[in-house]
Novice: 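Can you read through this structure? Questions will come right after.
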Amino acid sequence: MPDAVPKRRTESDVTDHQDEFWRSYSTDEDKERINSHYDRPAEFFATLTGGEWNVYSCNLWESARTDTESQEHKLDLMAEMLDLRPGERVLDVGCGWGGPLVYLAKRYGVNGIGITPSPRQAEYANRRASEYGVPVAFHVKHWREVEENASFDAVYSDEVIVHFSDLGGFFAKARDLLKPGGRMLNKELHFASSRFMQVTRGMVFINKLAGETGHYRMLHDELNLLDRAGFDVVRIEQMALPNYQRTLDGWLANIRGSQHHLEALVGADDVRRFRTYLKVSRKSHGGPSMTLDLVLACSPGRS
C-alpha cells in the first residue's frame with residue numbers, strides 16, 4: 001500500500017484535483033508516466049539546465065559564480081555527507097543524464113551505476129561516462145527492478161523520492177541493496193507544516209507535467225519511514241531556498257537565451273509550458289510552505 005499522506009483544503013486556491021496526487025501505479029505504468037516528462041531530446045534538458053553536469057535539481061549557489069560551480073558545490077556537499085571514498089560502489093537512483101555520478105566518479109574515485117526509467121537519459125548518460133572515461137554505467141530500470149543486493153556502499157537520490165508512492169518500499173529496497181553499514185542520502189522538498197498540505201492550482205500544473213506522480217510529504221513522514229525500514233538517521237542538512245530560486249532563475253534565463261533553438265527541438269507550446277512550470281515552481285519554493293532537506297541514514301551494521 002502507498003504511504004498515506006493527509007490532505008487538507010483550507011485556502012481559496014485549493015482545487016478539486018486531490019485524486020491526481022498520492023496515486024499508486026504498477027512498475028510499468030510508473031515508468032511510462034515518468035517518461036512522459038523526460039521523453040524529450042536530451043539536448044533540450046542540457047540547454048535548460050546548463051553547466052557541465054546538467055543537474056536537474058536545486059544547486060548550491062552560496063559561493064558559486066557559474067552554473068557548473070553551483071552544480072559541483074551541491075554534489076560536493078552530497079559527497080561529503082556520504083563520506084565517499086575511492087573504490088566505493090555507488091547507486092544513483094534517478095540518475096538523469098549522468099552528470100552527478102560521472103562527476104562523483106571523476107572527483108572522488110567511486111564507481112557504480114545509475115538507474116532511470118528513460119532510455120534517452122540512459123543513452124546520453126552512458127555517452128557522457130565514456131567521454132570522461134569513468135567506471136560507471138547507466139541502466140533503464142525502475143528502483144524495484146534492481147537486484148544487486150548488498151553490493152553498494154552508498155545510495156543517493158536528488159529530488160526523486162517525491163515521485164515514489166511506496167517510499168517505505170523504496171527504503172526497504174535500499175536497505176537490501178546496501179552493504180552492512182552502508183549510507184543512503186536523499187535530498188528532497190518537504191512541506192514545512194501540515195497546514196500547507198493542500199492541492200493548489202500550481203501543484204496540479206506541476207504534477208501533470210510530471211505524469212501525475214507527485215507524492216508530497218513532510219520531513220517527519222520520511223524520517224518515520226526510514227526508521228520503520230531499519231535505518232539510523234545520522235545527519236540532516238537544510239539548503240536555503242534562495243538557492244532554489246537562483247537555480248530556477250538560471251534555467252529561465254537559459255530558456256530566454258536559447259528560445260528559438262529549444263522551440264526547434266520540442267515546439268513553441270512545450271517551451272511555453274516549461275517556462276510556466278519554472279515560474280510556478282519558483283513561487284512555490286520561495287515562501288514558507290516548503291523546506292529543502294538532505295537526509296543521511298545508515299543501514300544496520302554501522303560501526
Side-chain angles (χ1 to χ4, degrees), residues 5 7-8 10-11 13-14 21 37 45 48-51 53-82 94 96 99-100 156-164 167 185-207 209-210 213-223 233 235-256 274-296:
V5 178
K7 301 177 281 293
R8 300 180 61 186
T10 60
E11 293 186 351
D13 67 339
V14 173
F21 290 80
H37 184 85
F45 289 101
L48 171 70
T49 54
W53 308 109
N54 307 126
V55 180
Y56 194 37
S57 60
C58 178
N59 295 312
L60 192 56
W61 282 96
E62 291 162 8
S63 59
R65 296 167 297 174
T66 66
D67 287 342
T68 296
E69 285 185 356
S70 74
Q71 294 166 6
E72 292 181 349
H73 289 181
K74 188 268 296 289
L75 295 170
D76 288 340
L77 172 61
M78 295 175 67
E80 182 265 322
M81 292 183 69
L82 283 165
Y156 71 85
S157 73
D158 188 357
E159 297 182 42
V160 171
I161 60 175
V162 70
H163 300 294
F164 295 173
L167 185 57
L185 179 67
N186 294 293
K187 169 172 163 276
E188 193 53 83
L189 285 159
H190 300 100
F191 284 115
S193 167
S194 59
R195 66 190 177 91
F196 295 121
M197 297 181 69
Q198 307 157 22
V199 178
T200 64
R201 292 182 178 86
M203 286 178 63
V204 169
F205 181 84
I206 293 171
N207 194 45
L209 198 62
T213 58
H215 297 273
Y216 302 91
R217 300 175 175 89
M218 293 182 63
L219 177 58
H220 73 74
D221 296 316
E222 180 179 331
L223 299 179
V233 176
R235 182 176 168 188
I236 300 174
E237 292 283 336
Q238 197 169 86
M239 282 179 62
L241 286 178
N243 286 294
Y244 222 134
Q245 293 177 297
R246 187 163 177 185
T247 299
L248 293 167
D249 286 344
W251 295 352
L252 285 165
N254 291 340
I255 288 180
R256 288 193 299 271
F274 265 81
R275 186 187 297 112
T276 302
Y277 157 62
L278 298 179
K279 289 180 178 179
V280 171
S281 297
R282 192 187 190 285
K283 181 178 180 181
S284 67
H285 302 349
S289 63
M290 307 295 287
T291 62
L292 182 59
D293 308 284
L294 297 93
V295 179
L296 176 69

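Values in this document were obtained by computation on a predicted structure and should not be read as measured data.
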Novice: Are V204 and R201 close enough, and set up right, to give a side chain to side chain contact (heavy atoms under 4.5 Å, CB included), and what steps lead you there?
Specialist: CA-CA 5 Å; V204 169; R201 292 182 178 86; 5.6 Å; no
Novice: Set out, in order, the CA-CA distance, both residues' side-chain angles and the distance that settles side chain to side chain contact (heavy atoms under 4.5 Å, CB included) for M218 and S194, then state yes or no.
Specialist: CA-CA 7 Å; M218 293 182 63; S194 59; 4.0 Å; yes
Novice: Could you report the tightest heavy-atom contact between L219 and V295, atom names first, then the distance?
Specialist: CD1-CG2, 3.7 Å
Novice: Search all heavy atoms of M197 against all heavy atoms of Y216 and return the closest pair with its distance.
Specialist: CE-O, 4.2 Å
Novice: Please answer whether the main-chain N or O of L252 pairs with a side-chain N or O of K279 as donor and acceptor at a distance below 3.5 Å.
Specialist: no
Novice: I need the I206 CD1 to S284 OG distance, nearest 0.5 Å.
Specialist: 4.5 Å
Novice: Which residue, L185, I236, V233, forms the side-chain contact (heavy atoms from CB on, under 4.5 Å) with L296?
Specialist: L185
Novice: Which pair of heavy atoms, one from V162 and one from E159, lies closest together, and at what distance?
Specialist: CG1-O, 4.4 Å
Novice: Give a yes or no on whether the backbone of D293 and the side-chain of T291 come within a donor-acceptor separation of less than 3.5 Å.
Specialist: no
Novice: Hey, could you give me the CZ/OG1 distance between F205 and T276, rounded to the nearest 0.5 Å?
Specialist: 5.0 Å
Novice: Start with the C-alpha distance between H190 and F196, add both sets of side-chain angles, then the distance that settles ring pair (Phe, Tyr, Trp, His ring centres under 6.0 Å), and finish with yes or no.
Specialist: CA-CA 10 Å; H190 300 100; F196 295 121; over 10 Å; no
Novice: To the nearest 0.5 Å, what is the distance between CD on E62 and CG on N243?
Specialist: 4.5 Å
Novice: Do H73 and S63 have side chains that approach each other closer than 4.5 Å (heavy atoms only, starting at C-beta)?
Specialist: yes
Novice: So do the side chains of S70 and T247 get within less than 4.5 Å of each other, counting heavy atoms only?
Specialist: no
Novice: For a side chain to side chain contact (heavy atoms under 4.5 Å, CB included) check, start with the C-alpha distance between T49 and N254, then their side-chain angles and the critical distance, and finish with the verdict.
Specialist: CA-CA 7 Å; T49 54; N254 291 340; 5.9 Å; no
Novice: Side-chain donor-acceptor pair under 3.5 Å between N186 and S157, yes or no?
Specialist: yes
Novice: Quick check: closest heavy atoms across S57 and W251, and the distance to 0.1 Å?
Specialist: N-CH2, 3.5 Å
Novice: A side-chain contact here means heavy atoms from C-beta on lying under 4.5 Å apart; do W61 and D67 qualify?
Specialist: yes
Novice: About how many Å separate CG of L60 and CE of M239, when rounded to the nearest 0.5 Å?
Specialist: 4.5 Å
Novice: Find the distance between CG (L48) and CZ (R275) and round it off to the nearest 0.5 Å.
Specialist: 11.0 Å
Novice: Answer yes or no: is there a side-chain heavy-atom contact under 4.5 Å between L248 and Q245?
Specialist: no
Novice: Measure up the F45 and F274 rings against each other and bin them: parallel (under 30°), tilted (30 to 60°), perpendicular (over 60°).
Specialist: perpendicular
Novice: If you round to the nearest 0.5 Å, how far is CD of E237 from CG of L294?
Specialist: 7.0 Å
Novice: R217 and I161: which non-hydrogen atoms are nearest, and at how many Å?
Specialist: NH1-O, 3.3 Å
Novice: Ignoring hydrogens and geometry, is there a side-chain-to-backbone donor-acceptor pair from E188 to V160 under 3.5 Å?
Specialist: yes
Novice: Please name the pair of heavy atoms, one in D158 and one in V55, separated by the smallest distance, quoted to 0.1 Å.
Specialist: OD2-CG1, 4.2 Å
Novice: Give a yes or no on whether the backbone of G50 and the side-chain of Q71 come within a donor-acceptor separation of less than 3.5 Å.
Specialist: yes
